[in-house]
Amino acid sequence: MAIAFHTQGEFIFWQFLDLAPPESLPIAKRFASINGYSIAETAEYSSYAGYKDWFIQDFNKPGYTIEVGKGVNPIPIDQLNKIYKQNEGVMLLGAVI
């Protein structure tokens with residue numbers, strides 16, 4: 001499994017060209033239940049450009065881009081504690097799945 005953290009929007013992206021393995025969406029739903037983020041489809045124009053996409057395509061394993069924080073980039077440092085608390089469980093679960 002691969003998890004890439006980016007900043008902006010509080011979304012979980014899990015799919016790439018319909019190549020994600022069947023267990024990918026159920027895991028994304030578990031992540032969303034932990035951090036409260038929305039599950040989103042990757043827009044075609046923004047795909048092909050990320051670690052998650054390469055990982056899914058080349059390894060046929062679940063891959064996720066988790067967009068953390070809201071506001072203007074760079075995300076203000078005062079959001080760090082909230083972001084960490086929202087995603088600590090995601091990181092722990094991701095390590096043991």
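The structure displayed is predicted, hence computed values, not measured ones. Atom set for the values below is all heavy atoms of this structure, side chains included, hydrogens, waters and symmetry mates excluded.
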* **Check: Phe59 ring centre within less than 6.0 Å of Trp54 ring centre** =>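 Between Trp54 and Phe59, which both carry aromatic rings, the centre distance is below 6.0 Å.
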* **Output field: ring centroids Tyr64/Phe31 closer than 6.0 Å** =>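 Ring centres of Phe31 and Tyr64 closer than 6.0 Å.
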Within a strict 4.5 Å, meaning less than it, do heavy atoms of the [X] and [Y] side chains meet?
X	Y	answer
Glu23	Pro62	yes
Phe13	His6	no
Ile83	Lys85	no
Ile66	Asn35	yes
Asn73	Gln8	yes

Are [Y] and [X] connected into the same hydrophobic cluster when the rule is that any two of I, L, V, M, F, W, Y join if their side-chain heavy atoms are below 4.5 Å apart?
X	Y	result
Phe11	Ile34	no
Tyr51	Val68	no
Ile3	Ile75	yes
Leu19	Leu25	no

* To do: Determine whether the side chains of Tyr37 and Gln86 contain a donor N or O and an acceptor N or O closer than 3.5 Å.
  =>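 Yes.
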* Return yes when atom CZ of Phe5 has more than 12 non-hydrogen atoms of other residues, nucleotides or ligands closer than 6.0 Å, and no otherwise. =>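 Above 12, so yes.
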Mind listing the closest non-hydrogen atom pair of [X] and [Y] along with its distance?
X	Y	value
Ile39	Ala32	CG1-CB, 3.9 Å
Phe55	Gly63	CD2-CA, 4.4 Å
Trp14	Ile56	O-CD1, 3.5 Å
Pro26	Pro22	CD-O, 3.3 Å

* Rounded to the nearest 0.5 Å, how far does CD1 of Ile27 lie from CD1 of Ile12? ->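 Taking CD1 in Ile12 and CD1 in Ile27, the distance rounds to 11.5 Å.
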* **Test log, rule side-chain contact (heavy atoms from CB on, under 4.5 Å), inputs Thr65 and Glu67** => CA-CA 6 Å; Thr65 297; Glu67 297 282 353; 3.9 Å; yes
* Side chain of Gln79, backbone of Lys70: donor and acceptor closer than 3.5 Å? ->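 Indeed, once roles are kept as given, a pair shorter than 3.5 Å links the two residues.
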* Asked: Is it true that a side-chain atom of Lys52 and a backbone atom of Gln15 form a donor plus acceptor pair closer than 3.5 Å?
  ->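 Side chain of Lys52 to backbone of Gln15, a donor-acceptor pair under 3.5 Å: yes, one is there.
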